[in-house]
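Inspection log for the structure reproduced underneath, given as structure tokens.
Residue numbering restarts at 1 for every chain, and letters A, B, ... go by the order of the sequence lines.
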Protein chains: 2
Amino acid sequence: MLNSYSSEDKVLLSVDCIIFGFDNEGLKILLIKRDFEPEKGKWSLMGGFLKKEESLNNAATRVLNHYTGLQNIYMEQLYAFSEVDRDPVDRTISVAYYALINIENHNTELIKNYHAEWFNISNMPKLIFDHDDMVAHAIRRLRYRTSTKPVGFELLPEKFTMRQLLELYEAILDKELDKRNFISKINSLDILVKLNEKDMQSSRKGSYLYMFDKEKYDAKLLNNFALNL
Amino acid sequence: MLNSYSSEDKVLLSVDCIIFGFDNEGLKILLIKRDFEPEKGKWSLMGGFLKKEESLNNAATRVLNHYTGLQNIYMEQLYAFSEVDRDPVDRTISVAYYALINIENHNTELIKNYHAEWFNISNMPKLIFDHDDMVAHAIRRLRYRTSTKPVGFELLPEKFTMRQLLELYEAILDKELDKRNFISKINSLDILVKLNEKDMQSSRKGSYLYMFDKEKYDAKLLNNFALNL
DNA sequence: ATTAATTAGTGTAGAGTGGACACTTTGTGG
DNA sequence: CCACAAAGTGTCCACTCTACACTAATTAAT
């Protein structure tokens, strides 16, 4: 009685990854220049096909690793895109994922080989197929996610200043935040460690570096995390 | 150069629908008794396979219509479930949708024929495969959705009392709400019409019936809708 | 050595929102 | 006409959110 679904249609399933990074220029997305037809030479998200023996999460992780060399990255499934004519080559349903990476850590050799580039989210080229929709979804989800998870820390280096954290949240939410209110809200979460170490790049006075306290955070997540900026 | 994806694996894609309804006994889900192997006789969500020439939204709408006779129903895509061994028959990825229906409107003949039944969400049988996960996801999403969309009105008859609306939200959120605070929050949304008509079933005094004001609501959605209960 | 320049760092008051709380009104059934 | 049952209605307190401006620390320039 197994294989009783044999009369049903089978389709191609792909994953496409919206990869977010952050540096002093703002919030960015990693895009790749397609080197095959159709739409050769156009910009695209990083994608790949689901193999029969893996889950979608595995496929997304595999694709991310393939293009960036990174592992153990925060990823989240977004949405399945399935319009009949979304891919002109063959009927393909694509499940979009987004990832938050520390822009300093990825393998820059790899992305050069793939003709990949970082684009500021406010200055992106038109993408192939429905990839623009996917990006719009991802940005919406990321904005919402700031209120339920400390997403910011995924995007920053291990040690960072309050100013960097503030500017990251401003970039994600696309609005100005009050410095004092921001700092007191972040401090009230009680998930940061203030280091005895200053970053001297940004000013003459120098600003303290902070780290994310994973233990305190894990304890907090079990109860409740909420951050309204 | 078309059909260049020919070496990739193809898989079965299905949709499974979590169908919510509400009556005076509480929030309910419509389940179906499987009449084929494997897991014949076990309870299951209503599902169907994606056909090559339709989108996932269309497939979900088709499945809902097939089992309930309903059209133009609020549905929302939830999540794609893709563990490799989730379906023992064949490799199948399933995209879960949830729907909100007015429990009085569906075709009761149809659901009898399909051996479908309504179950209170606090008293559900164990479901096949990963359908329990899907339901848990759907309830979480529905709870969140109350704060961003007036989901409640989808689940009630056209005319309803404040008490019904209150009890619906209590059932969705699984907590008691203060009657006065609830009513003032709902009224401050300004999307209800109070009718000159009373429901005399529930009490000797009778309670006013309300309707949802679609126009005011549409206007409001464009700006902002927020309801924190 | 003094000064100028630059960013870091810090607290408070006022407004608005959310939550707790109890009594009166209304109409029917007995 | 009285008893009953649910409907309907407003206030106060606590907390949270937001707006807002000055001092501290250090280095570079002279």
Side-chain angles (χ1 to χ4, degrees), chain A residues 23-25 143-144 146-148 152 156-157 159-171 173-190 192-211 220 223-229, chain B residues 23-25 143-144 146-148 156-157 159-190 192-211 220 223-229:
Chain A
D23 64 16
N24 55 20
E25 293 170 344
R143 279 181 191 152
Y144 163 64
T146 56
S147 66
T148 59
L156 290 172
K159 298 173 181 182
F160 51 87
T161 65
M162 273 292 179
R163 169 164 293 264
Q164 283 178 290
L165 188 61
L166 171 67
E167 287 178 353
L168 169 57
Y169 274 94
E170 287 185 332
L173 300 173
D174 191 29
K175 67 175 178 187
E176 281 194 14
L177 298 173
D178 180 86
K179 181 170 56 161
R180 280 166 293 187
N181 293 338
F182 178 79
I183 291 174
S184 63
K185 282 178 185 179
I186 293 292
N187 282 334
S188 73
L189 291 176
D190 190 30
L192 288 190
V193 195
K194 186 175 190 169
L195 302 176
N196 237 333
E197 198 179 340
K198 283 191 167 189
D199 168 60
M200 301 309 293
Q201 311 300 105
S202 60
S203 77
R204 291 173 185 163
K205 183 177 176 180
S207 56
Y208 282 104
L209 289 166
Y210 290 80
M211 281 179 64
K220 176 164 289 274
N223 306 316
N224 43 41
F225 178 97
L227 175 59
N228 296 308
L229 295 175
Chain B
D23 64 15
N24 55 19
E25 294 170 345
R143 278 181 191 154
Y144 163 63
T146 56
S147 65
T148 60
L156 290 172
K159 297 174 182 179
F160 52 87
T161 65
M162 274 291 179
R163 168 164 294 263
Q164 284 178 289
L165 188 60
L166 171 67
E167 287 177 354
L168 169 57
Y169 274 94
E170 287 184 331
I172 292 176
L173 300 173
D174 191 29
K175 67 176 179 188
E176 281 194 14
L177 298 173
D178 180 86
K179 182 171 53 162
R180 281 166 293 187
N181 293 339
F182 178 79
I183 291 174
S184 64
K185 283 178 184 177
I186 293 292
N187 282 335
S188 73
L189 291 176
D190 191 29
L192 288 190
V193 195
K194 185 175 190 169
L195 303 176
N196 238 332
E197 198 179 337
K198 284 191 167 188
D199 168 59
M200 302 308 294
Q201 311 299 104
S202 60
S203 76
R204 292 174 183 162
K205 183 177 176 181
S207 57
Y208 281 105
L209 289 165
Y210 290 80
M211 280 180 64
K220 176 164 290 272
N223 307 316
N224 44 40
F225 178 96
L227 175 59
N228 296 309
L229 295 175

* To do: Quick one: list whatever passes ring pair (Phe, Tyr, Trp, His ring centres under 6.0 Å) with B/Tyr144, sequence neighbours left out.
  =>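 Once residues adjacent in sequence are excluded, the partners of B/Tyr144 under the ring pair (Phe, Tyr, Trp, His ring centres under 6.0 Å) criterion are A/Tyr144.
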
* Asked: So which pairs with a foot in residues 160-170 of chain B pass salt bridge (Lys or Arg N to Asp or Glu O under 4.0 Å), sequence neighbours left out?
  ->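 Qualifying pairs, neighbours excluded: B/Arg163-B/Glu167.
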
Going by the rule salt bridge (Lys or Arg N to Asp or Glu O under 4.0 Å), which residues pair with [X] if we only count those two or more places apart in sequence or in a different chain?
X        : answer
B/Asp23  : B/Lys28
A/Lys159 : A/Glu197
B/Lys205 : none

Not counting sequence neighbours, which residues clear side chain to side chain contact (heavy atoms under 4.5 Å, CB included) with [X]? List them please.
X        : value
B/Asp190 : B/Lys216
A/Arg204 : none
B/Asp174 : B/Arg143
A/Arg180 : A/Asp178

* **Where chain B begins and ends its contact with DNA chain D, read 5' to 3' at 4.0 Å from heavy atoms** =>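 Span of nucleotides near chain B: D/dC4 to D/dG10.
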
Rounded to whole Å, how long is the line connecting atom [atom1] of [X] with atom [atom2] of [N]?
X        : N      : atom1 : atom2 : answer
B/Leu227 : C/dG19 : CG    : P     : 11 Å
A/Tyr208 : C/dT7  : OH    : C1'   : 14 Å
B/Leu189 : C/dG18 : CG    : C1'   : 14 Å

* Please list, by residue number, the residues of residues 164-185 of chain B whose heavy atoms come closer than 4.0 Å to an atom of DNA chain C; answer none if no residue qualifies. =>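 Listed by number, they are B/Asp178, B/Arg180, B/Asn181, B/Lys185.
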
* Asked: Heavy-atom contacts under 4.0 Å between residues 196-206 of chain B and DNA chain C, which residues?
  ->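 DNA chain C contact set from residues 196-206 of chain B: B/Arg204, B/Lys205.
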
* To do: Might you confirm whether atom CZ of B/Phe182 has over 12 heavy atoms from other residues, nucleotides or ligands at distances under 6.0 Å?
  =>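 Atom CZ in B/Phe182 is packed in, count exceeds 12.
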
